[in-house]
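Before any comments, here is the structure.
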Amino acid sequence: MSAKQYKILLPEKELPQQWYNIQADLPAPLSPPLNPTTRQPAGPEDLSAIFPPALIEQEMSRQRWIDIPPAVLEIYALWRPTPLIRAYRLEQALGTPAKIYYKNESVSAAGSHKPNTAVPQAYYNKQAGIKRLSTETGAGQWGSALALACSYFGLECSVYMVKVSYQQKPYRRSLMEAWGAQVTASPSELTETGRKVLQENPASPGSLGIAISEAVEDAAGRSDTNYALGSVLNHVLLHQSIIGEECLKQFAMIDDYPDVVIGCCGGGSNFGGIAFPFLREKIQQDKATRLIAVEPSACPTLTRGTFTYDFGDVARFTPLMEMYTLGHDFVPPGIHAGGLRYHGESPLVSRVYHDGLIEARSYGQTSVFEAAITFSRTEGILPAPESAHAIRAAIDMALECKETGEAKSILFCLSGHGHFDLSAYESYLSGKMEDCNYPQDLIEQSIARLPKIG
Ligand SMILES: *Cc1c(COP(=O)(O)O)cnc(C)c1O
C-alpha cells in the first residue's frame, strides 16, 4: 500500500530568492497614481513623507525580478517555505474527483500571510533610519504582523485598530501589545481625522478608510515615523509573490499543476501573492489557469464596484489610484471577516480583473462559515473568516467537478488561521449570524460621491 502524500514540503534551500513583479508582464502599464491635491501624476516626492526610498522604488518598478535582501530571507526562513497540503480528507467528505490543495500561510508567528510584507517593510524603513512605524488594522492581523516585524528589527509600532474589531477581538490587541506595539481604537481622539468622524458620528464602528487616514496623519506629522500599509499597494503584492513562487516549485515536485487558483480578496495581497506567478505563466505560456478572487457580499468591491480613480482613505490624504471601488466613504457592515472590509481594491488586481485575466465572485458570511466548519472538521485547521471565503469557492468548484466528473486540480490560499476569531465562530455556531447584502442604492450613493477625473 502506498502512503498518500499529504504534505508537499519545499526544501529550505529552495526558498525563492527573488520576488516577482507582475508590472513587468501587464498587457499595458498601470495608470499612474495622482496627487490628491493637484491631481497630476504622483512622483516619488509625493510618497517620501511616509515611505522609505526602497519601497517607493519597488512601488514604481517594472523590473520583473527583485532580489530579497539576505536579512529578510533569514527571517522568512523562520516559517518559510510554507507547506502545500493536499486536502484528501476534505475531498473524501465532498465525494469529489477533484484534487484540492491549500497553501498554508497560517504557519507564521502572526498566523497569516501578512508578515511576508511586514518583514521587508520594517527592514527597508530601518535601513532608511526610521525609528517608528504607524499603521491601521482591520481584523487585527496586519497590526499583529507589523508589530511582530517591528519587534524583529527593534522599531516602535503605533497601530490604529478599527473600533468594531477592537471590541470584537480584544486578544488581537494583547498580541500586538505583547510584541511591543501601542494600539488605539479608531476613530480616536488622537488625530484631526478621528476627532472629525467622532463629532459627526460618536457611535461610528470605524472602517479601514478612517483608520488609514489616522495612521497617515500620525506618520506625516513626525519625521521619525513612517507609515506601513498591509495590502493594496504594488510593493505589498510584490512581497506576497513569494507565496505563488513557492507553489510553482511545489507543484513541479509532484508533477501536477492547478487548473484553478483561488484567494480571498480584501485589498488583494494574498490573492495577488498566490495568483500572479500563475498569471505570468498564463500570459507567457498561454495556460488556461482560472484565477478567482473571492469577496464578501457585504463589501463587493470587484463584483459590484466601479473601475475608476478614487482615494485610498476617507480623509483623502492618499494619492488617487485607479481601482475598483465602492467609494472612499463607503462604510461596510460590521461582518466578521474584518480583513475584507476595505472599500477599494489593489490597482494591480483591479487592472487584471478589468482586462478579463481573472474572475471574481462573492459570498454571504453564513455560507462562508458553513465552509469553514466543513474544512475544520475534515482538515483540522480552523480557518480565518477571510480565508474561509476562498474555501467556500474551492468547495463549490469541487462540487461542480462532482457533477461533471472532472478531476480538476484546485489550489486555494489558506491566508490565516482563526484562533483569534472565536467570537465569530460562536456567533455562527449559536445560529446568531446573519447575512448582509449591501443595498444597491447605498452603493450608488457612495459611487456618486467619487472624485471626477478626466
Ligand atoms: C488581511 C487578511 C486578508 C485580506 O487581505 P488581502 O490583502 O486581500 O490578502 C485575508 N486573509 C487574512 C488571514 C488576512 O489577515
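Counting convention: from 1, in listed order, for ligands and their atoms alike.
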Atom indices of ligand 1, in the order listed, that fall short of 4.0 Å to a heavy atom of Cys265: 8 (O)
No-hydrogen, no-angle side-chain donor-acceptor test under 3.5 Å, Tyr257 and Glu281: yes
Backbone or side-chain N or O of Ser387 under 3.5 Å from ligand 1 N or O: no
Atom 7 (O) of ligand 1 - nearest protein heavy atom and its distance: Ser231 OG, 2.5 Å
Cationic N near anionic O, under 4.0 Å, Arg80 to Glu105: yes
Listing, residues 20-32 side-chain donor-acceptor contacts under 3.5 Å, not counting sequence neighbours, or none:
residue	atom	partner	partner atom	Å
Tyr20	OH	Asp25	OD2	2.7
Asn21	OD1	Gln23	N	3.1
Asn21	ND2	Ser61	O	2.8
Asn21	ND2	Gln63	O	3.0
Gln23	NE2	Glu59	O	3.1
Gln23	NE2	Ser61	O	3.2
Asp25	OD1	Arg64	NE	3.2
Asp25	OD1	Arg64	NH2	2.6
Asp25	OD1	Gln284	NE2	3.4
Asp25	OD2	Arg64	NE	3.0
Ser31	OG	Glu322	OE1	2.5

Nearest-contact summary for atom 2 (C) of ligand 1 - protein heavy atom, Å: Lys114 NZ, 2.3 Å
Short N or O distance, Gly267 and ligand 1, threshold 3.5 Å exclusive: yes
Donor + acceptor pair across side chains of His417, Ser106 (<3.5 Å): no
Shortest protein heavy-atom distance from atom 8 (O) of ligand 1, along with the residue and atom involved: Gly266 N, 2.7 Å
Contact with ligand 1 for Gln240, non-hydrogen, under 4.0 angstrom: no
Glu386 N/O under 3.5 Å from ligand 1 N/O: no
Short N or O distance, Gly268 and ligand 1, threshold 3.5 Å exclusive: yes
